[in-house]
Each structure stands twice: as structure tokens, then as C-alpha cells.
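By convention in this document, chain letters (A, B, ...) are assigned in the order of the sequence lines, proteins followed by strands, and residues within each chain are numbered from 1.
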2 protein chains.
Amino acid sequence: MKLEDIAKKAKVSRSTASRVINNDRYVSADARQRVLKVIEQEQFEPNPAARTLVTRRSNIIGVAIPQTANVFFGDNSYYPMLLQGIAEAVNKSDHAMLLWLAESHEVRDVFAKRVVRHRQPDGLILTSVVDRDPLFEYMVKHNRSFVMVETPPAYADRVSYVTIDNVGAAAEATRHLIQIGRKRIAHITGQLTIQDGIDRLKGFRQTVAEAGLLYEELIKPGMFAAEFGYRLMQELIPLRPDAVFCGGDTAAIGAIRAIHEAGLRVPDDIAVVGFDDLDVATKITPALTTIRHRVMDIGSTAARLLIDLLDGRLEHPHHFVMPTELVIRGSTGGQG
Amino acid sequence: MKLEDIAKKAKVSRSTASRVINNDRYVSADARQRVLKVIEQEQFEPNPAARTLVTRRSNIIGVAIPQTANVFFGDNSYYPMLLQGIAEAVNKSDHAMLLWLAESHEVRDVFAKRVVRHRQPDGLILTSVVDRDPLFEYMVKHNRSFVMVETPPAYADRVSYVTIDNVGAAAEATRHLIQIGRKRIAHITGQLTIQDGIDRLKGFRQTVAEAGLLYEELIKPGMFAAEFGYRLMQELIPLRPDAVFCGGDTAAIGAIRAIHEAGLRVPDDIAVVGFDDLDVATKITPALTTIRHRVMDIGSTAARLLIDLLDGRLEHPHHFVMPTELVIRGSTGGQG
DNA sequence: GCAACTTCTGGGAGCGCTCCCAGAGATAGA
DNA sequence: TCTATCTCTGGGAGCGCTCCCAGAAGTTGC
């Protein structure tokens, strides 16, 4: 069943039927009624390919997650939550979501090529962009529509993105540790190829420096995964820190394990602060003090932003900075 | 840049250029070379909408996850792993994946309508189908191509699916508990609206019955979420079970928490077996004895199956039963 | 009364591909 | 040599929509 047939059944032209579907105002109430009735009884849905061919819009949003499996998996619910947020915004505006996942250990270059080759989506949401990311570079160079989650590693003034105030949030986390009287505060960073990691380090460093508590040897460049938290904490313990701020919750969980295995207590001997407030943060003992940001909101904001840009409702580039909140729990002496 | 322009630059007709792209054998080596060169230097990609319009194939696979957020999220990595598996198969055959996520607390009916309305995908992968699932019923009734992950709740002989031997695996888990000498074995089931949960219960019941150890009061209908494991274990403890088999790992984790809070020991007082071997299974203390199935393999098998059906390489319906494996850990007295 | 709008309608062209068909040219078999 | 077969090519139609345009019909203002 195609538009032509609907039109015939409703005794109007193909054009009028099309007008009804696209909510054009120049249709008589009578004709509209008849067309809608036929559409309803035939359960008609216009062919999206035909539509896309002429409108040059597929109403599909691409989401590229170039991280390897071990990050996407596991106790890290960041990406699922982001996807859920994107889904909600995408549904509301009657779009669909095309998902690109990197294969395990896939090179960024190969991944980028794969995503770029498929031209179905009108625009892309990019996550976990690293410095000199081929996909990112391609999108910028070819002037294709996209929105980033997190701060871009380059061209920040030319790119639309949704981020949180990483510098401010890291500073707040660090100030909290200072306020509870810690003097030797360590930092296990997130991935320093990602802007988030860099900014959190910056907020940390500024704050300890202002308090006269900056010790470079207590700063360990890491990754977001738990293994790094564990291993780097083991390296830190001989340096006798009394607190550690981790770039991500999973790393913090690894760190806590290392502290416990060394026979030390959290928070009494070493206070721990994470970042992200993942689900696991409340599931460990003691519960983790951390920075909460609503990942779902970031996802839906990014999707809405992209669609608004595509529809011309918003000017490119456009930035959103989402709020964060310090959640104090047992790992720094709060309750829980 | 469109096919016409490529043809012109390569001094061939549109038809010949199209033949090169679609790997038709009736093209002279010379012409093929010229076309490929132009395609390469212009970075040409054929317009997918135009292609879809005539071939009636979009090379897009839809994946529908009708579960509400709290299942998709959290420490349950089932769906992310499934998606990763699907992604790998989909990439290999040059397809793309369209993802439908239910909104939080969205009614199945609304979700189904949304998925059905969008006609882009050539076929669908359905997960977590419940009894009388509107999406499932629609797909069957309208004879649309789809593949199920898990055993279908109905029409099993007319539907293609990928599953594991739930009955057999549950029996193996139960036999293990019997072998280590347990006499009062409880079962906290998975969702009994999903076939997986039903089959696991069946395997459990058969096995305890054969051993003369069936106590109906020790069977608690539950859900896969941790809260259920926790709450139902609290109800079970006064009945003095010495072992519990849970329909899923997350429920098992909840159960362990309840056991510990009651001042009992795992596995000494109550041995615990889970199902799924999620990431968390090794992260808790004691580590969880559980049934392992490679969720990623299930995902990629389902995607491959769907594509093979669409391409006519496989007859519909087609079934795959994937292997499972009992992994013995600390929660039943193994090491770890 | 007529001009000038506004509302409503249908036809035609065209989006960028694939695929069918007819035909040219080369090769082989008798 | 002639026919049969295979290889290669280009033109045309058509996939199912949207959108432009021309024109009919109805409404308003003088």
C-alpha cells in the first residue's frame, strides 16, 4: 500500500494525501478527514526511503561509541545510561537511533571509516573522543552535523557539545577532602587523552595548589578502568597519602580494594572520592563519595541539541554545561 | 556527487558504474578500473535512501529492548554485551544497527507501536519478550522478519530464535548443589513471564524431584533484579534452606546480602548459585557459582541468523541452542 | 461589478539509485 | 561462413515519496 493507493481510496490526489501526512494547512477539513480515515484503516506508514530521498532527511541520529568492550561492559553503566537518555529525546521528536559500537580492540581509524561510510544518519553524537580522533577530525573537516558529549579535545569554539563543569566539580571534590582535614591528597586521573580527564586533573591541581598541598608525586596518570585504580593505588600507598581523588568511580573501586588489601581503612586511613556516581558507588563498602552528574540528562540534552541544530532551531556551535553535585558518603566519613 | 557524475568522469554509463559498485561480473577490467579510481578519488558513497527505495533493503537491523531502565542499567551488563555481539556480526556483513530502548516505565503497547511505525529496518532482533507481548504478536501476525533472543513464549515452531538450554543448565546447577550434599534447596525464580525464567524453574523442579528433594514452599517466584533476590531470600531464611539457586546473578547478589544480614554464612550455612555469569559474579565475596553463557555469542549468532534469513541463505524458522557451562566458585565452596 | 487575495486541488518533475531489455561486439562450434 | 552463445554496454523505466506550479474556487474591498 502506497500513498497513491491511499489517495485513490480517499478520492483525492497524491498531493493532497501527502499534504495531510505532512500537516500542510492548505487542505479542506473534509479531504483531511477522508485521508486520515483511510490511513487509519489501512495502517499506512509512508515509505521512509522514498521520503528520505527527496527531503534529504532520514530522521535517524547516529551514536558512535568508539570505546572497546571492557569499558562499555562491566559494572560501568555510563554508556547504557547515556543511550537511554538519547533514546528518550529521540523518541519525543520521532527520530530513531543508529548505534555504532567499536569492536573489541578495534583501531579508531577503522571504526571511524565504518561510521562515516554509512550515510543514513542526519547527524552524529560522538562520545569518548580522544585527541586527534580520526572520526572527530573527519566530521569537523567535512562540516558534518554532530554533537559531542564531553568537552572536545580541539576546535572547542567551532563544535557543539554537552559537557559538565569538570574543572569545577573536581575542585569541589578536592575542597571536600581538604575540609575534612586531609593533608596528603593523591589523584588517580582518568584517561588523559580525553578532555574530561584533563579537566578533572586541572581542577584538582588548582585546588591543592591554592591550599599549599600540591605534591606532584601523588598524581598518577591512569584510566577509567578498575585495574588502573587498583594498580596505581598500590604504587601510591608507600607514599602515605591520606586521601585519594579518582577520575572515575570504577577506578575508585579498584583503589579501595588496594587499600583494603594493604590492611588500611577507608576513610580512616585514606579517604576516597570518585567521579560519576555510577550505580556501583552505593553498592560497595563503604559507599563512595563522588561527583554526581545525570548521565541520562546529558544524553537527552545532546540528542535534543543535535536535532535542534539539524532543524535550524539552534545556531551552530552551541554549548551546554550540565550541573554536577558532590554526594558525600562513607568513603570520606559521611554516612553509608 | 552522485552516481551519474561518477559515470561521466569515468566515461561510462550510469549502468556500468552501478555494476561496478554492485560487483556485477559483466564489466570489462578496463571500465571497472576507471570507475573504481573515480570512486576512490571522489570518496563516493552511494545514496542509501535511493538504493533502499529500489532494492527494498536498507541493510539496517533493528534491535528492540523493551525492558525498563532499571534492568538495562545498573550492574547488569547483559544488554550491553548482547549489543556488542550484535554489533560485531552486523559490521561483518556491512549492516547497521538501529536501537530501540523502552522509556522508563513505558507500556509495552506504546513501545511496540513506536518500533513498528518506523519501517527502516529490514528485520528485528527481539529481546525479553513476555507472554502476549504486543510487539511479538505483531511481528508474527504480519509475518515480518525477526529473530528472538531467548525461547519464544509462543509459536516456538514458527519463530526463529537463539537460546540456551535453560532447562539443562538449571538442572546442572541444581545437581551441583545436590552433589555437595545440600538437602533443602530453594529456588528464587527469574521473571516467570519470560520463557527463560519458566525453563530454569522447570529444570530445577525436575532435578530436585528426581532426588526426592522437592519442597514447593522453597520455590519463590521472583524477578531478575537484585531487590527481589534480597526480599525473597529474607522470606526463605525462616524456612531453613541450605542452598538457593537463583534465576539470575543479580538476584543471587541480593540473596547473598540477605543471608549475610541474617548473620549466616555463604556457602557454609546456605550455598548460592546464580545464572548468567555477569561481571559482578566475580566481584562479590564470596565469588558466585553460576551458569555461564556467552551473551556476546548469542548476540552475534542472532544477528547473523537474521541476516541469513533476510538474504535467503537460511530457511525460516531456524533455531540455535548455545552451550552453557557451570562455573564453580566460592559461593558453593569452590575456590574464590 | 471587478480586481486582488486567500484557500484548496491535481499534475508533473525529480530525488539517486537498480534492473530490465535491446543490441553491439567477440568468440566458438558446425 | 553462418549461427549460437557469451561478454559488455547504455538507455529507459520505475521505486514512492515531496514540492513547485498553475489554476479553480471562494472571499474580501472598493
Quiz prompt | N22(A) CG to dC17(D) C1', straight-line distance once rounded to whole Å | solution = 9 Å
Quiz item: Among side-chain atoms of E137(B) and Y155(B), is any donor-acceptor pair under 3.5 angstrom?
Solution: yes
Quiz prompt | Partners passing ring pair (Phe, Tyr, Trp, His ring centres under 6.0 Å) against H316(B) (at least two apart in sequence or in another chain) | solution = none
Quiz item: Can any side-chain N or O of S18(A) pair as donor or acceptor with the backbone N or O of R14(A) at less than 3.5 Å?
Solution: no
Quiz item: Within the side chain of N91(A), is there an N or O that forms a donor-acceptor pair under 3.5 Å with the backbone of A87(A)?
Solution: yes
Quiz item: Under 3.5 Å, is there a donor-acceptor pair between the side chain of E106(B) and the main chain of E103(B)?
Solution: yes
Quiz prompt | salt bridge (Lys or Arg N to Asp or Glu O under 4.0 Å) contacts touching residues 297-314 of chain A (sequence neighbours left out) | solution = R57(A)-D311(A), D308(A)-R313(A), D311(A)-R313(A)
Self-check item: Length of the CZ-P vector between R119(B) and dG16(D), whole Å
Solution: 9 Å
Self-check item: Separation of K113(A) NZ from H118(A) NE2 (nearest 0.5 Å)
Solution: 15.0 Å
Heteroatom pairs (N/O) under 3.5 angstrom, protein to nucleotides 26-28 of chain D:
none

Practice problem: Please report, rounded to the nearest Å, how far the C1' atom of dC17(C) is from the CG atom of D5(B). | Solution: 13 Å
Quiz item: Between K11(B) and R56(B), which has a closest nucleotide on DNA chain D that is more 5'?
Solution: K11(B)
Quiz item: How long is the line joining CE of M1(B) and C1' of dC17(C), in whole Å?
Solution: 16 Å
Quiz item: Is there a donor in the side chain of D122(B) and an acceptor in the side chain of S58(B), or the other way round, less than 3.5 Å apart?
Solution: yes
Quiz item: Ignoring hydrogens and geometry, is there a side-chain-to-backbone donor-acceptor pair from N47(A) to A49(A) under 3.5 Å?
Solution: yes
Self-check item: I6(B) CD1 to dT18(C) P, straight-line distance once rounded to whole Å
Solution: 12 Å
Quiz item: Which is true for T55(A) with a 4.0 Å heavy-atom rule: it touches a base, it touches only sugar-phosphate, or it touches nothing?
Solution: sugar-phosphate
Quick test: give all pairs of protein nitrogen or oxygen and nucleotides 5-9 of chain D nitrogen or oxygen below 3.5 Å, distance rounded to 0.1 Å.
| residue | atom | partner | partner atom | Å |
| --- | --- | --- | --- | --- |
| dT7(D) | OP1 | R25(B) | NH2 | 3.4 |
| dT7(D) | OP2 | Y26(B) | OH | 2.9 |
| dT9(D) | OP1 | S28(B) | OG | 2.7 |
| dT9(D) | OP2 | S28(B) | N | 3.0 |

Can you tabulate the close N/O pairs, meaning under 3.5 Å, that link protein atoms to atoms of nucleotides 26-28 of chain C?
none

Quiz item: Among dG14(C), dG12(C), dG16(C), which nucleotide sits nearest the side chain of N47(B)?
Solution: dG16(C)
Self-check item: Aromatic ring pairing H142(A)/Y138(A), orientation class (parallel under 30°, perpendicular over 60°, tilted between)
Solution: parallel
Self-check item: Test: R34(A) and D30(A) ion pair at under 4.0 Å
Solution: yes
Exercise. Might you work through the side-chain contact (heavy atoms from CB on, under 4.5 Å) test for V147(B) and L126(B), ending with a clear yes or no?
Key: CA-CA 6 Å; V147(B) 160; L126(B) 299 189; over 6 Å; no
Exercise. For the helix from dG1(C)-dC30(D) to dA30(C)-dT1(D), figure out the bend between the end axes, five pairs an end, and round to 10 degrees.
Key: 40°
Practice problem: When you get a sec, tell me which of dT18(C), dT18(D), dC17(D) is the closest nucleotide to the side chain of S18(A)? | Solution: dT18(D)
Quiz item: Does E150(A) offer a backbone N or O that forms a donor-acceptor pair with the side chain of T163(A) under 3.5 Å?
Solution: no
Practice problem: Assign R14(B) to base, sugar-phosphate, or nothing according to its heavy-atom contacts below 4.0 angstrom with the strands shown. | Solution: base
Quiz item: K2(B) has an atom NZ; how far is it from atom C1' of dT18(C), in whole Å?
Solution: 14 Å
Practice problem: Indicate yes or no: does D94(B) engage R117(A) in a salt bridge with an N to O separation below 4.0 Å. | Solution: yes
